[in-house]
Each structure stands twice: as structure tokens, then as C-alpha cells.
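One structure is given below, encoded as C-alpha cells.
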Amino acid sequence: MNHIAFADQPQESMHHPQGFFSKYVWSLDHKVIAIQYGVTAIMVGVLALVLSGLMRLQLGFPDTFSFINPNTYLQFMTMHGMIMVVYLLTALLLGGFGNYLIPLMVGTRDMVFPYLNMLSYWTYLLSVIVLMASFFVPGGATGAGWTLYPPHTLLPGTPGHELGIIMMLVSLGIFIVAFTMGGLNYVTTILQARTKGMSLMRMPLTLWGIFTASLMGLLAFPALLVAAIMMMLDKLAGTSFFMPALMSMGEAIDHSGGSPLLYQHLFWFFGHPEVYIVALPAFGMVSDVLATHARKNIFGYRMMVWAIVIIGGLSFVVWAHHMYVSGMNLSFGFFFATTTLIIAIPTAIKVYNWVLTLWRGNLHMTVPMLFAIGFIFTFTHGGLSGLFLGNVAIDVPLADTYFVVAHFHMVMGVSTVMVLFAAIYHWYPLISGRMFNTALGKWHFWVTFVGTYTTFLPMHYLGFLGLPRRYFSMGEAAYVPESAHSLNAGISISAIIVMLAQLLFIANVIWSLKKGPRAGHNPWGATSLEWQTPDVPPKHGNWGEKVPEVHRWAYDYSVPGVKADFIPQNMPSEAVEMEDDSPQGERS
Amino acid sequence: MSLIAKLTEKSWEPAHTGVMHAGPGQPQTSKKIALGIFMVIISVLFTLFFLTFITHSQYPGFQALAAEPWSPFYNTGRLWMNTALLVGASVAIHAALISARRGAQGPTLIALVITLFFSAQFVIAQIWLWRHLTGMGYGFTTNPANSYFYLLSAIHALHLLGGVAVLVRATWLNWQGTALARSAQSIKLCASYWHYLLALWLVLFALMTASPETYNTIAALCGLEVDL
Amino acid sequence: MVLVVILVLLVLGTVIFHFASPWWFTPLASNWGSIDTTINITFWITGLVFVAVNLFMAYAIFKFKHKKGQKSHYEPENKKLEIWLTGITALGIAIMLAPGLFVWASFVKAPSDAQQVEVVGKQWHWMYRFPGEDGELGRTDPRFVSEHNPFGLDPQDPAGQDDILVFSNILHLPVGQPHKFWLRSQDVLHNFAVPHFRAKMDLVPGTVTRMWLEPTRTGTFDVVCMQLCGTAHHAMRGKVVVQEQEDFDQWLASHPTFADTQSRAYRGDQDIGRALYATCASCHGQQGEGNQGLNAPRVAGLDQWYLERQLAYYKDRVRGYNDGDTYGQQMAAMMAVLPDRQAIRNVSAYMAAMPETQVTPTITGNTARGERLYRNFCSDCHGSDGSGNYHTNAPRISGQQDWYLERQVTYFRDGIRGLHPQDSHGNQMVMLVQGLRDEQAIRDVVAYINTLD
């Protein structure tokens, strides 16, 4: 038996798609699938952004808009959260960037299971369609909060407790199937399809982030599936997994013996790793953006890799820090506070190393670089506020207040989105073959960066005051000073400006697709393999005649004695052009 | 080369031959890895179910399925019968694998058909078992323990049926006379999956028929005692 | 360069915002000063790190921004520096964590001299229970919950008989006395939180959760629900009044025990009530049918618990307190004919037993719009058929005279009714009717209620 590894297959033997459908719709090409994932995710993301705008209108200017009422507010809030965390961030970072970058970065022609990959996208699309359909079923979408805590999720008094929640659970189930197909592909491809010379520690950090996150997703999503199945049975079959004996609207319901806390444990066993499933690919990508535009190797590469792996592992033993005041056994607080604060150490190291990568660099202030720096700033802020919430005693006054909202928006909503923009601007020339408009990009950055910060910084202080989250309106309360209402209005205005600024981004992306100047080969002078394809954008099969061979790590920027300030990973040592006055091959 | 050595490589230094990555692996290995990860995922899924089950066992009103002489699984006869069917399937598929490796197409086909037969029988027997339980008054929603048994055995059966779909394809290829070496590979994967599902069933069996004391012990070990 | 300036400005702005912010923790009113101390420690450490990291970054950008001929320094790693940074970070983390764990240890364990109080949450109200003389709270179970036993106490449990029940969102506590809170939910998750106390904990149906605190100064503090519990989550309010022990004892004594609430007298005597009603009948009519000309609403068809509460409110001037509510003030003045709570009970019992009377609609509107508004703002408490629900403290509104409904909704909207500090349920209406923005919206809803039966 003589096997030919997929990556080694000659270009001619690959089946090149011909028709429009096989090329762009039922495509097996990871790049097309990545774009399908990306476009779908961004579209639902825009919807979720609009929903948050509606919520901000109500919070900033209470009872002014007649289409927002307590029910729709809760529905907007729930869908906003779920879409952003699962259907936008997870899908875009792993389904979009993961799909696009993995085969290119490891130097192979496609994923190891291309068919499964295609299936993954279409399954994801189905989950999105089911989710969207839930807006239109009788009773509307569920308004239970994105955490979907039972029992209120399933009971009268919460919008969408009949069909909305069923649609939501079905959609999540489908999404998990889609993610599992995708995740198996990403992990196996990184393990198996790395080209010759690409040892694990030569991989760009983007790959490390995506790899760890995919693996975590594969292990964490089952918890959500378990929770969804059991909740579905509670709803439809009358079991009592999560439903205790209780009164609903004055009438006893036909359940007994279930535990709502059990659901919370399952949910957060998924939910906390999920935070890092989103964060780790972002950590990876921002490292590569920083290194490329600082023309400097990422500082402490090994520490960065280990930190990613350690964070991934630890994130499975911190889940109950979301539940300090949930009524679980109070003594769990000691354990989870300790693990949670320990996880801050590798995270802090990553921040130091990003900053130290800038130190003594040669910083090109490109748009992706601006966003990457915006990420460091906002992530530092969001990470530090996490130390408040992770420390069990401090969490007590702050739990379920706007402090929590501000904190997780700063880490997941702002800093991760900063990375997404950095990554989109960074890889846009590769994906589209054209350059975006820099001036528009910079304006987009300034408004987004300053605007999001002025949105979420004051929000922390509403939390100190004790303003509860998930409130349709504050009404009159003695502990809420009049000025807090003005602050809320200010936050809303700031948020809406940021939202409008995203039009600059959309316009830039679409306009540059047709009118942008040709980007040419490797415009940023990056070392990693995805920029070394013979064609820009890469064609089906990626590498033309021969897959590349890797000779060095992904961060050979500004190597002393070398003429150029970067050496592509696939350049053999003998081809490296040295400075005239420098002895061959010497490095400091 | 150990994983530790791989993960501590100073990759910016020129590589020595020991570190050199040889290139992409075999497609067959990829499938094996993917199946391995998939089985880990299923294990996580069931482990979480088991943990919630153990937690439920600590709540008042929980009635273990084998607690008392009149409990449905106090007599495990029916369960053993079903187990025998699954063991049969597992043995048969192993036989198919051995014949396929030897290059004997006929016996391979027969063994595969037997595997499919036993697997289908197992699922049917499980459905009978459910009907039997329901008939005894142990309905799906009567008690959390019952709910768990129905739910877990159904999910287990679904996974088995998923495997059956793949195996049917392998059998079809075999019947069509596709090169045995190729079908041997997919039989190999199927065989691992069948053995895995058998092991999973045995764990499930053990858990469902354990005594309340066992649940209490496991709960204590996992720190799942309920603080009321 | 712009970036450097902006980064520095943002750091400075953050620090200034922090110190200038008028939005800060509410003044502490409990023993949990240790939580505030822990927060301050964390604030100083994280604040320093925030300023240091970002100013360092700004400086790095300033110094190493691309210039012609510049080349980056090549340094894959620096073990010594990384180990130092790790060590310092670990130390900082330990300094923040250790006090937190000590505070938590005291949070977990209530002192032995703590008094007990139970908080009951239900959509979207609070109720409270004190153990009574035996110092023991009686058993409860959801299956005992009914209109006459809203707490769901086990009637057979002797420990429950002397439990003191507070059917109100307002809790009183004596100052300087540690209290152990037992938290119990009848329906969904809630969270009992008092910002001034710092402490909070979820209420989980199917189990009883707990926390403890000691109120350290007198005053009135807001209770809010902090765990999403459905549509009216934001309107699930209450108050804690911390007062001196004597005042507290007096307050507590004014509340019935469980045994009291189960007595015959507590249910009211219709025969006595009939005699009392003679005065009421001059306006509200012999059959309780109401009289628009005299601005007297229909009273027939209303539940006893609602009638009783409203009459008590009138008597205590909790309703009819505002000059805008002329008719309410008239009613309050009339309350002289009902000398005490027992009289109110008796007359309420009589009115609740009256057969329903038909009313003639006087208001028309867009019932389709009214239905939409009704579903979004009213139906979760008052029921989709408007029949009311004791569980949500929502009276029956179907079959009520529409001119009366319109007037009351307008009063709620304008704060003429419901804003009295003792009106623990009316403020919820004040919050929710804000969604009915104009006169037409109110008429549409009322027109829709006219169609309910």
C-alpha cells in the first residue's frame, strides 16, 4: 500500500472545481468555506450589534421608543449575547480565521477532511437560520438571558418560554454539531498536515491559539449539549432534570426533584472555557500582527505558547467563579477564587510579552498595528477588572451589576473585537488581493477605540453604585443618583457613535474589494507561510506545484546581519541574503 | 522525541535533526486521530451526564433503579442479555478485521453482516427493555433515575446507529469487491468504535445498577454532596 | 504620535475619572467593611499595573516608532526578565487573593448569636418571615401555597405556628444585631441584594440558600432583585428599614403569626361586613356595582386580599395621599367608618362574596394596539384574561369599569398613586405603566381590557 499524503499530492491530481456552484457554494476549498463562515458570522454580528443599540436607546432614554418594552428588551438582550458569543465570535475566529489560516500556515493544500469542513459550514448556517427563525415564532425569541437559566427560561413570565426557547436549544444543538465537525478538522489538520520542517514550536502563535481553542471547544461544547438536551426534555417530555417542585404564577407545576444549580454548573463548565475559546485565537492572532508590524520577533515565544496551553487547561477548573452568589455550596468559593486568580498569572505574562515585543522594535503604525495596540490597552483594563470579580469576596457586591457587564464587554466585546479588526485589516490584502483604504481604516480605529472605551469605562462605575444588569429600566431608586441617569445617556450616545463608525469599516471592506490598489505579494513583509503563496489571493490548492518546506520559526524579523528585516519561514539558510559587512550566519 | 522536548524546543535556533518535523502524516493516521478525539468527546459527554446523575442521586426523592428487590434492575438478567448482543457485535467486527487483514473477502463480509445483525438486535432489545420498564410503571418522567436510564441508553444507541451507518458503507464497499486493504482500514476504525461503545455500555450498565451506597461514595469522592 | 498622546490621555482620563467620579459604592450600612477594604487593595494594585503597563507601552511607541534605517532588536526571550515578571505578578495576585479568602471565610460562617429571618422571593415580590417565639422557622412546601397561605407553611408543623409573616416588600431589621438570612424562592431564581449592605445571594427554588450580615446604621435602604427572573425583574423592589431594637419590636408585633392568619376571624365575617357595607353602598351601590357619577368604582368581583389591602392603604393614607387624587382623598376620609383591621377584613369578605355585576363600556380605542400593549405590560401579572393573580399581587381588572381603570393608570403614570413609601406594590405599577406613553395608549389598553371576560 502506497499512500500519498494529501499535502504531497501533485497539483494536477487535485480536483479543481469548475462551475459557480461547486466553486463558491458547495466548495470544499477551506478559503471559500472560511469566507462563507466569516460573512455569515459578520452578518449575524451586525444584527446583534443593532440589538445592543436598541437596548442602549432604552437604557439611555427610558420609555422613549414604543417598540422597546420589557419583553422585547429581554429578547434583544438574550439574542445579542448569544449571537455575539457563539454565532459571531466562535464562528468567526475558528470557522472563519481558523479555516482560512490553518492550511496556509501549516503549509498544506487544504484541511484533512475537506468534505466534513463543508458540511460544518452548512450545518452552522442551518443553526443560524433556526436562531433567526425564533424571532418569528409565536411568543417570539427567548428572553431568558443568554445563560438560559432554568426555571424561568421554561416558565410563564419570561418571553419566548414556549417556542422561542425550543428554537434556541435546537439551534445550539445544531451549532455544536457544526463546531464539532469543524473543530475535529482544525485539530487534526494542525496535528497531521504540517509541512516538512514545521515543528510544533515553529508554528505561529495564531496556530497555537486556534489549536488550543479548538481542542477546548471540542471538550467544552458537550457540556452545553448535555444541558440543552436535558432542558429540552424538561420542556417537552416533562422530566425534572433542572426543574424542582415550584409554583408558577400561583399554580403548582408538574415537576419535582430537579436542580437549577446543576444547569448552572453545566452551563459554566462550557461557558468559561468558551471565553477562552474566543480569547485564545485572538491572543494568537494579535501576537502575529504585533510581531509583523513591529518587525520584531514576538518576545518570549516559548512562554507565550506555554501560557496559551496553561490558560486553556486552567480554564476548565474555574467555571464556578460565575456562581459565587448562585447559592451553591459556599465553600467552593475558596477553590474557585484561587484557581481564577492563578489563571491571571499566565495571562499577565502574555500582556507583558506583547508590550515587550514593542520595546526596542521598529514600529510601523499601520491600521492592524493600531488595532493590536488598542487590544493591549483594552485587554489590560478588562483583565484587571476580572481580578475584582474572580476574588470571591469582592464579587459579592459586584456580581450581577453593571460592573460585570462592563468587564466582560471590555474583554470579549472590545479587546477581542479589536483583534478581529486587526486581523481583518492584516489579512485583507491576502484574502482579497487588494489593499484597504488606510485613512478610512484609521478613522475607524480612532472612533472605535476611544468610543468603546468611553462606553465601557463609565459602566464599571454604575456597577460600583450597585446598578443591576438586565434591567429594562432603573426607575426611581434612592441609591441611584439622578446623575447616573445622565451617565447612562452618555454611555448610550457613545455606543451609538461607535456603532455608526462600523459603517466606515463595512464601506472600506466593500469599496476596497473592487477599487483598492493591488496588494501584491506579502505587503507587510511577514514571515509566516500564508504570505508565501505563489498567487495572491492563494488559488485552490494554495501552493501551486510544490508545497513549501519550512526552515525556521515564524518570527525571524530583523535578524542581525541579515539584509532584509524578515526571513520567510520557507527560505533556506543558504538563500538568506546577508549584509555585506556581516559574517555569514552569525546571530546574537 | 518526547512531547516535553518538542514543547521546549528553542525554535529560533537552527534545528538539529531530532527536532526536524518530517512532514504531513498519513491520511489513515488522521482518521485515527480524529476518531480518537471524537471518542474523547463522547466520553466527556457521558461523563458529564454521569456526574449530573450522581448529583441527582443525592437529592431527596431519587429512587435508584436497583435499590430494592422490586426495583426494575434488581434483576439484571435483561441487561445482561442486551450486553451479550453488544459483545457479539464487538467480537464479530473483530473477526471481520482479522479476516480483512488476511485478505479473505468472503469471511469478512459474513462477519460484517453478523456485526450489523447483532448491533441492530441490540438496539431493538434496548427498545424492548424500555417498553418493559414503561409497562412496569417506570415511565420516562416518573423519577430522575428513570429519565437518566432512558436518556443515556438512547444516546448510546444513537451513537451506535451512527456507527452502523458507516459500517453499512464499509460492508457495501466490501460486497462491491473494493480492495480489501482499503476496507480493512475503515473496518479497523469501526472496530475501535464498537469496542469503545461496548466499554461505554458496560460503564453505563454498572452505573445504572449500582446501589445507593455506591452513588453516595462516588458523590463524596467528587465533592458532590448536596448542601441543603 | 497621536496614538501616544491618546494613550497617555486615556490613562490620565481613567485615573481622573476614577477619583472625580460621583458614582461610587453606596455608603456602607453593614458589617462588610472588610469587603470594601479588599476592594481597595485590589484597586491600588490593579490601578498601578494598569497605569504602568499602558504608560510603558505609550513610551515604547514614542521611542521605537519606525524611522528610516531603524532596525528592531533581536531577542527571542529573556529568561531572567520573564521569571522576575512572573514572580512579581504572582506576589501581587497573592496579596489580592489572601485577604479575599479571609473575608470569604467570615462570609461563609454566620456568628452563633445571629437572629434568623427568611426572605421569600416570587415573581416579582418579596415577603419576609421571622421565626417567632420558638426561634425556629416552620417547614414549608410549594404544595401548601395558596391564597390563604402564601408562604406555603406546613399547617401540621408546630414550629411554624408562631412564625411572624410580613406580607410586604418592606423588611425591618434592628440595628447592630447580626442576622442570618434564609433565602427561599417559590418560583424562579431571584437574588436578594441590598447595595448598602454589600451582601447578596441567589434564591433558588427547590433549596434554601443563606447569607448573613449585621446592619450597622439606621436608615431605609433599597432591596433589588439581581438575578433575572422574567419580564418585571426590574420592578422587583423592596426596602429594608434598619431601626432601633424597640422600634423594630413594635413593628414586628404588628404582624400576624401564621396561626393568626389561619384563624376564622382573619378570613373576615361576612355578616358583620354586610352591616358595615351599608355606608359604602351609598356610593358603590347595593350590589357593589359602582357609580360613575359619584366616581365610585365597582367593588363586586374583586378578591378579598386586594380589597383588604386597598382599604388598609386608604386608612393609613398610603393611598389617597396625593392632592391630585381627589377621589382617593374622599375615600380616605370615609375610612372613619371602618375603625380597625378586623372591620376592614369583615367588609372585604362581604364585598368579595358579592356576585359580579355587568358594566357598560364607555371607552373605545384601537383594541389591536391595546392587546399588544396589554401583552407586553400587563398580562404577566394580571393574567392574559385579566382575572388577576394573588401570586403576583395583581388584582382582577377584567369586568372593571373602564373610566376607573383609565383614571388609575393615569394616576400611576403620574405618581399620584403608588409612590407612597409604604405602598410596596403600587411602585411596581408606576414603573410598568411608563411604557404607556400617551393618553391614547392608555385608552387602547383599557378598550382591550373591556373585551376580556
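Letters A, B, ... mirror the listed sequences (proteins, then strands); counts begin at 1.
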Next on the checklist: Is the shortest side-chain heavy-atom distance between B:Glu9 and A:Leu200 below 4.5 Å?
Outcome noted: no

Item to check | Under 4.5 Å from a heavy atom of chain B, the part of A:Thr195 involved | outcome: backbone

Next on the checklist: Within residues 132-151 of chain B, which residues come under 4.5 Å of chain A, heavy atom to heavy atom?
Outcome noted: B:Phe140, B:Thr141, B:Ser147, B:Tyr148, B:Leu151

Checklist entry - Rounded to the nearest 0.5 Å, how far does CE of A:Met230 lie from OG1 of B:Thr52? => result 4.0 Å

Checklist entry - Can you say whether A:Val106 sits under 4.5 Å from chain B via the side chain, the backbone, both, or neither, judging by heavy atoms? => result neither

Checklist outcome for this item: Shortest non-hydrogen pair, A:Thr188 vs B:Ala34, comes out as OG1-CB, 3.9 Å

Item to check | Minimum heavy-atom distance A:Phe241-B:His56, with the two atoms named | outcome: O-NE2, 2.8 Å

Next on the checklist: Could you check whether atom NE2 of B:His195 has more than 12 heavy atoms from other residues, nucleotides or ligands sitting under 6.0 Å from it?
Outcome noted: yes

Checklist entry - Heavy atoms, side chains only, cut-off 4.5 Å: are A:Arg302 and B:Lys10 in contact? => result yes

Checklist outcome for this item: In this structure, CG of B:Leu35 is separated from CG of A:Leu184 (nearest 0.5 Å) by 9.5 Å

Checklist entry - Can you tell me how far the CD atom of B:Glu13 sits from the CZ atom of A:Arg552, to the nearest 0.5 Å? => result 13.5 Å

Item to check | Contact class of A:Phe221 relative to chain B, heavy atoms under 4.5 angstrom | outcome: neither

Checklist entry - Please, which pairs that meet salt bridge (Lys or Arg N to Asp or Glu O under 4.0 Å) have at least one residue in residues 218-235 of chain A, sequence neighbours excluded? => result A:Glu162-A:Lys235

Next on the checklist: By the definition ring pair (Phe, Tyr, Trp, His ring centres under 6.0 Å), identify the one residue from A:Trp553, A:Tyr557, A:Tyr301 that meets it with B:Trp12.
Outcome noted: A:Trp553

Checklist entry - How about residues 39-49 of chain B versus chain A: which residues have heavy atoms under 4.5 Å apart? => result B:Val40, B:Ile41, B:Val44, B:Leu45, B:Leu48, B:Phe49

Next on the checklist: Would you compute the distance between atom OG1 of B:Thr29 and atom CD of A:Gln192 and round it to the nearest 0.5 angstrom?
Outcome noted: 5.0 Å

Checklist outcome for this item: Of the listed A:Leu191, A:Leu233, A:Val187, A:Leu116, the one with the largest count of heavy-atom pairs under 4.5 Å with chain B is A:Leu233

Next on the checklist: Give me the atom names and distance for the closest heavy-atom approach of B:His21 to A:Ser199.
Outcome noted: CB-N, 3.6 Å

Item to check | Nearest-0.5 Å distance, OG of residue B:Ser11 to CE of residue A:Met201 | outcome: 6.0 Å

Item to check | Residues from residues 259-267 of chain A approaching chain B under 4.5 Å (heavy atoms) | outcome: A:Ser259, A:Leu262, A:Leu266

Checklist outcome for this item: Of all heavy-atom pairs linking A:Trp306 and B:Leu7, the shortest is NE1-O, 2.9 Å

Item to check | Close side-chain approach of A:Ile229 to B:Ile155, heavy-atom, < 4.5 Å | outcome: yes

Item to check | Part of A:Tyr555 within contact of chain B (heavy atom distance under 4.5 Å) | outcome: neither

Next on the checklist: If I measure from the heavy atoms of chain B, does A:Thr180 come under 4.5 Å with its side chain, its backbone, both, or neither?
Outcome noted: side chain

